2 protein chains.
Amino acid sequence: MQDQLSLTFAALADPTRRAILAQLSKGQANVSDLAKPFLKDMSLPAITKHLKVLEKAGLITKTREAQWRPCRLNGEAFKDVADWIEQYRIFWEQSFDRLEAYLETVTQRTSPKGKEHGREDSVQRDPHHPDL
Amino acid sequence: MQDQLSLTFAALADPTRRAILAQLSKGQANVSDLAKPFLKDMSLPAITKHLKVLEKAGLITKTREAQWRPCRLNGEAFKDVADWIEQYRIFWEQSFDRLEAYLETVTQRTSPKGKEHGREDSVQRDPHHPDL
DNA sequence: CGCATAATTAACTCAGCGGTTAATTAACCT
DNA sequence: AGGTTAATTAACCGCTGAGTTAATTATGCG
């Protein structure tokens, strides 16, 4: 899995971890604080592991204070994700426009419309984006 | 893995799949077109599987045209990711810009939120009350 | 010291992912 | 019909991720 961005996306691909991040967005918290909402569903070591994943992904920072490990969000990893997704903005904005256009042409139709075997020259529009 | 957002993040957590998306951002393409850059590193069935992951994640749409399967990006899943990450914008802007820009756009929403385990005099900088 | 609290580590299970090769489906073309 | 191209499916393999329980480390306190 190597690269940092993959690690970050992988870390985000879990509802428990996203919930932990949501909790941390309200302020710093210790491991047991973070674990509390989940202890009916899973053990403390499970949370420790989740935190380790989040830490390696750069999404959180864990410090030491006596026997506690206060955790806080680390903005930079979020920025990496935001920067990556940003280059696709045109696509989600575009599809919203298309949805509206579509809804206007179809408001009274009932059949979802099977597709034609036409030349399908309707290329997707090419904003010619810088890649990666 | 259940929920859609987790599926989407998981799909993005792979460099090959992100490269496929980058390629699709330049326009619609068939499976073998998409596979071409990777065929030195992996087989065609591997690409088929990657495309299936992307499709289930909602990131692409695969249609049929004779024996070809033209693929295109599907903006909505990107929007879901963008919307999710947006709620953490304050954290990555805080890291760089000291939040000043943000404060101009948001001037309410306070939550003092005393933390338990009083040990901390070093409560995390509350993003809503930054000490700048 | 002795004990409680906070958290991690160890050792293990199990499912699913990413990849393979080989076989199969599906459409087109003479 | 037979052959070619496009793509998927099947069956398999090794690794890792998410979880468990039990043991261990580290700190604070009476």
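Lettering follows sequence order; numbering is per chain, from 1. What you are looking at is a predicted structure, and each value in this text was computed from that prediction instead of being measured.
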Item to check | Closest to the B/A46 side chain, choosing from C/dT20, D/dG19, D/dT8 | outcome: C/dT20
Checklist entry - Just checking B/D33: base, sugar-phosphate only, or nothing, at a heavy-atom cut-off of under 4.0 Å? => result nothing
Item to check | Under-4.0 Å side-chain N/O to phosphate OP1/OP2 contact, A/H50 with D/dG17 | outcome: no
Checklist entry - C/dT8, C/dT20, C/dA7: which one has an atom nearest the side-chain heavy atoms of A/S32? => result C/dA7
Next on the checklist: If the cut-off is 4.0 Å, is B/S43 near the phosphate of C/dT21, judged by side-chain N/O to OP1 or OP2?
Outcome noted: no
Item to check | Between P of D/dT25 and CH2 of A/W68, the distance in whole Å | outcome: 21 Å
Next on the checklist: Atom NZ of residue position A/K56 - does it have more than 12 heavy atoms of other residues, nucleotides or ligands inside 6.0 Å?
Outcome noted: no
Checklist entry - Within less than 4.0 Å of OP1 or OP2 of C/dT8, is there a side-chain N or O belonging to A/T48? => result yes
Checklist entry - Once you round it to whole Å, what is the distance between P of C/dT8 and CD1 of A/I47? => result 11 Å
Checklist entry - Could you go step by step and tell me if A/D83 and A/K79 meet the salt bridge (Lys or Arg N to Asp or Glu O under 4.0 Å) rule? => result CA-CA 6 Å; A/D83 286 348; A/K79 177 157 172 49; 3.1 Å; yes
Item to check | Distance test, side-chain N/O of B/R17 to OP1/OP2 of C/dG18, below 4.0 Å | outcome: yes
Checklist outcome for this item: A/K36 NZ to C/dT5 P, in whole Å, measures 13 Å
Checklist entry - When the distance from CG of A/L51 to P of C/dT8 is rounded to whole Å, what number comes out? => result 7 Å
Item to check | Protein-nucleotide distance (B/L44, atom CG; D/dA6, atom P), rounded to Å | outcome: 10 Å
Checklist entry - So, do B/D3 and A/P15 sit near enough that their side-chain heavy atoms are less than 4.5 Å apart? => result yes
Checklist entry - For the pair made of NZ in B/K49 and C1' in D/dC13, what is the distance, rounded to whole Å? => result 10 Å
Item to check | B/A66 side-chain proximity, nearest of C/dT20, C/dC28, C/dA7 | outcome: C/dC28
Next on the checklist: Measuring to OP1 and OP2 of D/dA26, would you say a side-chain N or O of A/R64 lies under 4.0 angstrom away?
Outcome noted: no
Checklist entry - Should A/F78 and A/V53 be regarded as members of a common hydrophobic cluster, given that ILVMFWY residues are connected when their side-chain heavy atoms come within less than 4.5 Å of each other, either directly or indirectly? => result no
Next on the checklist: Quiz question: by atom type and distance under 3.5 Å, do the side chains of A/R72 and A/T63 form a donor-acceptor pair?
Outcome noted: no
Checklist entry - Within this structure, what is the CG-to-P distance between B/L39 and D/dA6, rounded to whole angstrom? => result 12 Å
Checklist entry - Roughly how many Å is it from CG in A/L12 to C1' in D/dA18, rounded to a whole number? => result 16 Å
Item to check | Given DNA chain C, 5'-ward residue of the pair B/Q67 and A/K62, judged by closest heavy atom | outcome: A/K62
